[in-house]
Amino acid sequence: MPDESAPSSPLLPYEGRTIALVGLMGAGKSTVGRRLAEKLGREFYDSDTEIEKAAGLSISEIFARHGEADFRRGEKQVLRRLLELPPHVLATGGGAYIDAETRALMKEKAVTVWLNADLETLWRRVQKRDNRPLLKRADAKAHLSHLVTEREPYYSQADLHVHSKDGPHTNTVAAILKALQTWTPE
Ligand code: S3P
């Protein structure tokens, strides 16, 4: 018989919020996000997948046919919609958090976690797939390095910072869960 007089543990602040993963391509947002969602028994959404579903086109096709500006407009709309859903785990596309309005909305509605990884790790991971239009160029690694520098001031505004190291994803999931315990809204 459960002891009904025992005090139930109070909800931690993050439990009422969507957990949004931000960071560069190759940081592991989708893979880690999916595992984090499983662990927490939450739904998992990936903003890139939602954009693809809405457009009926892959990200590469959207960039090729409509251009980056159109993609960014769609990305913003999709994130606005996803952030209205009940608390879930959300992997965001690498550029989403760079937009000031999206950043502000995520601050209001979610706990944001920057999945940070060093350039060599990012580069090794992004080479496994050919689905990133921003890296379809001869100087792709140099461009990725440029994005690391350019975007760091934005990603560092996330509520929590977790290093995404090589090795089992369960380690990164555990590091996120630990960081979440400490989070309080500003
Ligand atoms: C982008 C990252 C991609 C995707 C698009 C643009 C970016 O998502 O949204 O190719 O600007 O960094 P991932 O970070 O999931 O690769």
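The first residue in the sequence is number 1, and the count goes up from there. Just so we're clear, the structure is a prediction, and the values are computed from it rather than from any experiment. Indexing begins at 1, ligand by ligand and atom by atom, following the structure's order.
Within ligand 1, the atoms closer than 4.0 Å to a non-hydrogen atom of Pro133 are 10 (O), numbered from 1 in the order shown. Shown in contact with Ile59 at under 4.0 Å from a heavy atom are these atoms of ligand 1, numbered in order with element: 5 (C), 10 (O).
Of the protein's heavy atoms, Asp48 OD2, 3.4 Å lies nearest to atom 4 (C) of ligand 1. At the top of the distance list for atom 16 (O) of ligand 1, counting protein heavy atoms only, stands Arg132 NE, 2.9 Å. Closest to atom 14 (O) of ligand 1 among all protein heavy atoms lies Lys29 NZ, 2.5 Å.
At a 3.5 angstrom cut-off on N or O pairs, Thr92 does not count as close to ligand 1. Distances between N or O atoms of Ser30 and those of ligand 1 include no value under 3.5 Å. Considering backbone and side-chain atoms alike, Gly94 places an N or O below 3.5 Å from some N or O of ligand 1.
The side-chain contact (heavy atoms from CB on, under 4.5 Å) with Thr102 is formed by just one residue from the set Lys107, Glu75, Lys76, Arg72; it is Lys76.
Residue Leu90 holds its CG atom at 13.5 Å from CZ of Arg17, rounded to the nearest 0.5 Å. Rounding to the nearest 0.5 angstrom, the gap separating the CD1 atom in Ile59 from the CG atom in Asn131 is 8.5 Å.
Looking at Arg72 against ligand 1, only its side chain comes within 4.0 Å, counting heavy atoms. When heavy-atom distances to ligand 1 are checked against a 4.0 Å cut-off, Leu134 comes that close only through its side chain, counted from C-beta outward.
Between Leu85 and Glu43 the shortest side-chain heavy-atom distance does not fall below 4.5 Å. Ile176 places a side-chain heavy atom less than 4.5 Å from the side chain of Leu115.
Residues forming a ring pair (Phe, Tyr, Trp, His ring centres under 6.0 Å) with His163 (at least two apart in sequence, or on another chain): none. Applying the ring pair (Phe, Tyr, Trp, His ring centres under 6.0 Å) test to Phe44 and every residue at least two apart in sequence or in another chain returns nothing.
In summary, the aromatic rings of Phe71 and Phe63 are positioned with their centroids under 6.0 Å apart.
Using 4.0 Å as the threshold, Arg151 has a heavy atom nearer than that to some atom of ligand 1.
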